[in-house]
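Notes for the one structure printed next.
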Amino acid sequence: MKPALVSSAAPREEPDIRPLPPGWRSYISPEGLWYYVNSCSKETTWRRPSLSAEAPQRALARHTSSPYANGSHSGTKTSPPPEAADVALRKPSINKQPPGSVSPAKRQIKEVKETKITINCVTFPLPGEGPEQQLLKPNEWSYCDYFWTDKKDPQGTTSVAGFEVLLQKQLKGKQMQKEMSEFIHERIKIEEEYAKNLSKLSLSPLAAQEEGTLGEAWTQLKKSLHDEAEVHLKFSNKLHTEVEKPLLTFRCDNFKKDLKKYDHHIADLRKQLASRYASVEKSRKALADRQKDLEVKTQQLEIKLSNKTEEDIKKARRKSTQAGDDLMRCVDLYNQTQCKWFEEMVTTSMELEKLEGDRIEWIQQHLRQYTTLRHETDMFNQSMVEPVDQLLQNVDPAKDRELWVKENNTGDVRPVDMDI
């Protein structure tokens, strides 16, 4: 339960009316004893601090807090801002500050809201409040640093959890991989059709009767088409086995099942967190109701002193203390659940990050294999074209004329004039 500020209806007056040192405030316990709380160091003491004292001489308890309760979900452990920490809900016997009779609950809850905000049951620090958080993996743009809050969909009607965005990235990557495989398949079909047409063209009888050195070059050119068809056919076969098939079969087994397992695990933790948050809000309301009841009874004491009124105040104090303990327990359970969710988010998001990195490297490797095969095909084609180039360079019209004349001449005796 939250400690109470001094009220005019306090059962026992503070013996010393001198001002307290900066940061110190006075409260009363359910037994009517005065104690003092330092809002900066979170220390409590039964002995009134003086202006010259640096610290209380007999401390009751010291406030401790989980980094996740302070919104430090990025992994950096930080202490809460002095005024943001809730000094309520601490009992002296178990390192928790003693409860009081009348609590400034509304004021202190408002202070918490000024430094923290809860979005979809997850608590974050407000911008500019508290210590600056450090990234878990600076300068790496890691998944584990940038997907903590939810994201609104393009229509703005619903929100998508940050982890869901990471899962959608995995599914999109799988779809892109499939489409790349389909693209390579279309390329293979073009190569196969091209090889078929080249082979058919190489058998064409067109210009088969060309003779001489030009005829030899022509024959070699047609033969090169047949050889080129074989090269492209081999290229298409290698594309299938070394590029298309690996892209198509990469992570086919249990990939979506594993993603669903990740999704269900994180979703279950979020449901647990939502349940814990609901319990906190319920307990917070119950504490506010108990404190209000205590304040009403304290005001009644101002009007009329009676044993019954004092007994009612003691009873109200006990109930308020119990409500404070319940709220503290719910807050601790909430922080533990948020801590667990945080840890699992970091671990799982880094696993997804590795999966995406492996996918990109795998695709890069096999697309580079595509370019290697393409270069090899070009080299083979070039090697087959070179003999054609050489024969074309050796084409000699005079030589062809000589060969043709020798084979087809009809006589070298020229006609002469007729005599009378």
Side-chain angles (χ1 to χ4, degrees), residues 68 71-76 117-125 127 133-187 242-274 337-371:
Y68 309 104
S72 301
H73 58 275
S74 66
T76 304
I117 184 172
T118 300
I119 304 175
N120 291 342
C121 304
V122 181
T123 304
F124 300 98
Q133 297 181 355
Q134 302 297 321
L135 297 177
L136 296 176
K137 300 180 72 175
N139 304 320
E140 294 189 27
W141 293 95
S142 174
Y143 287 178
C144 66
D145 280 319
Y146 296 98
F147 293 90
W148 293 106
T149 57
D150 297 345
K151 178 181 180 181
K152 285 191 175 182
D153 64 2
Q155 288 76 23
T157 55
T158 59
S159 60
V160 179
F163 187 75
E164 184 66 25
V165 175
L166 294 178
L167 291 179
Q168 290 175 0
K169 170 64 174 173
Q170 294 291 319
L171 295 174
K172 181 179 179 181
K174 182 67 175 177
Q175 179 63 26
M176 295 301 99
Q177 175 185 321
K178 178 183 177 182
E179 291 181 11
M180 288 180 187
S181 176
E182 293 173 353
F183 179 90
I184 297 298
H185 181 72
E186 292 299 317
R187 182 73 171 90
E242 299 180 21
V243 181
E244 179 195 14
K245 189 174 180 180
L247 289 177
L248 189 62
T249 58
F250 182 59
R251 286 184 183 157
C252 281
D253 298 336
N254 300 325
F255 177 72
K256 290 187 176 181
K257 185 182 295 184
D258 291 340
L259 288 187
K260 286 184 179 180
K261 188 183 300 183
Y262 290 141
D263 188 18
H264 291 163
H265 180 55
I266 297 299
D268 287 343
L269 290 175
R270 281 296 292 265
K271 289 179 181 178
Q272 293 177 27
L273 191 60
T337 304
Q338 183 169 259
C339 175
K340 177 64 175 176
W341 172 76
F342 165 80
E343 293 172 350
E344 292 299 316
M345 275 285 291
V346 171
T347 301
T348 309
S349 62
M350 292 184 69
E351 289 178 1
L352 295 180
E353 181 178 309
K354 184 179 184 304
L355 288 176
E356 177 65 5
D358 292 345
R359 182 188 75 88
I360 292 176
E361 290 178 357
W362 179 266
I363 292 176
Q364 178 193 30
Q365 173 187 342
H366 289 85
L367 292 185
R368 291 183 67 182
Q369 180 64 13
Y370 165 81
T371 60

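- Looking at Val160 and Gln168, their side chains come closer than 4.5 Å, going by heavy atoms from C-beta outward.
- Between Trp148 and Trp341, the two ring planes are perpendicular [angle over 60°; tilted spans 30° to 60°].
- Atom OG of residue Ser181 and atom CG of residue Leu247 lie 5.5 Å apart, to the nearest 0.5 angstrom.
- Atom CG of residue Asp263 and atom CD of residue Glu164 lie 5.0 Å apart, to the nearest 0.5 angstrom.
- With Arg270 contributing its side chain and Asn120 its backbone, the two residues share a donor-acceptor pair below 3.5 Å.
- Looking at every heavy atom in both residues, Asp150 comes nearest to Gly162 through OD1-N, 3.8 Å.
- Salt bridge annotation for Glu353-Lys137: present, with a cationic side-chain nitrogen under 4.0 angstrom from a carboxylate oxygen.
- Residue Lys174 qualifies as enclosed at atom NZ: its count of foreign heavy atoms under 6.0 Å is above 12.
- Between Asp358 atom CG and Arg251 atom CZ the span is 5.5 Å, to the nearest 0.5 Å.
- Within 6.0 Å of atom CZ in Phe183, 12 or fewer heavy atoms from other residues, nucleotides or ligands are found, so the atom counts as exposed in its surroundings.
- Side-chain contact, Glu356 with Tyr143: no donor N or O sits under 3.5 Å from an acceptor N or O.
- Proximity of a side-chain donor or acceptor of Gln272 to a complementary backbone N or O of Thr337 within less than 3.5 Å is not detected.
- Without hydrogens or angle criteria, Thr348 side chain to Met345 main chain gives no donor-acceptor distance under 3.5 Å.
- For the atom pair His366 NE2 and Gln177 CD, the distance stands at 10.0 Å (nearest 0.5 Å).
- None of Asn254, Leu166, Leu167 except one satisfies the side-chain contact (heavy atoms from CB on, under 4.5 Å) rule with Leu259; the exception is Leu167.
- How far CE of Met180 is from CD of Glu244: 14.0 Å, rounded to the nearest 0.5 Å.
- Closest of all the heavy-atom pairs between Gln338 and Cys121 is OE1-O, 4.4 Å.
- The side-chain heavy atoms of Gln365 and Pro246, taken from C-beta on, include no pair separated by under 4.5 Å.
- Once rounded to the nearest 0.5 Å, the distance linking CG of Leu352 with OG1 of Thr347 reads 11.0 Å.
- Counting all heavy atoms, side chain and backbone alike, Leu136 lies closest to Asp145 at N-OD1, 2.8 Å.
- Across Glu344, Gln170, Glu351, a single residue satisfies side chain to side chain donor-acceptor pair (under 3.5 Å) together with Tyr262, and that is Glu351.
- Side-chain atoms of Gln175 and Glu179 form a donor-acceptor pair, as typed in the model, at a separation below 3.5 Å.
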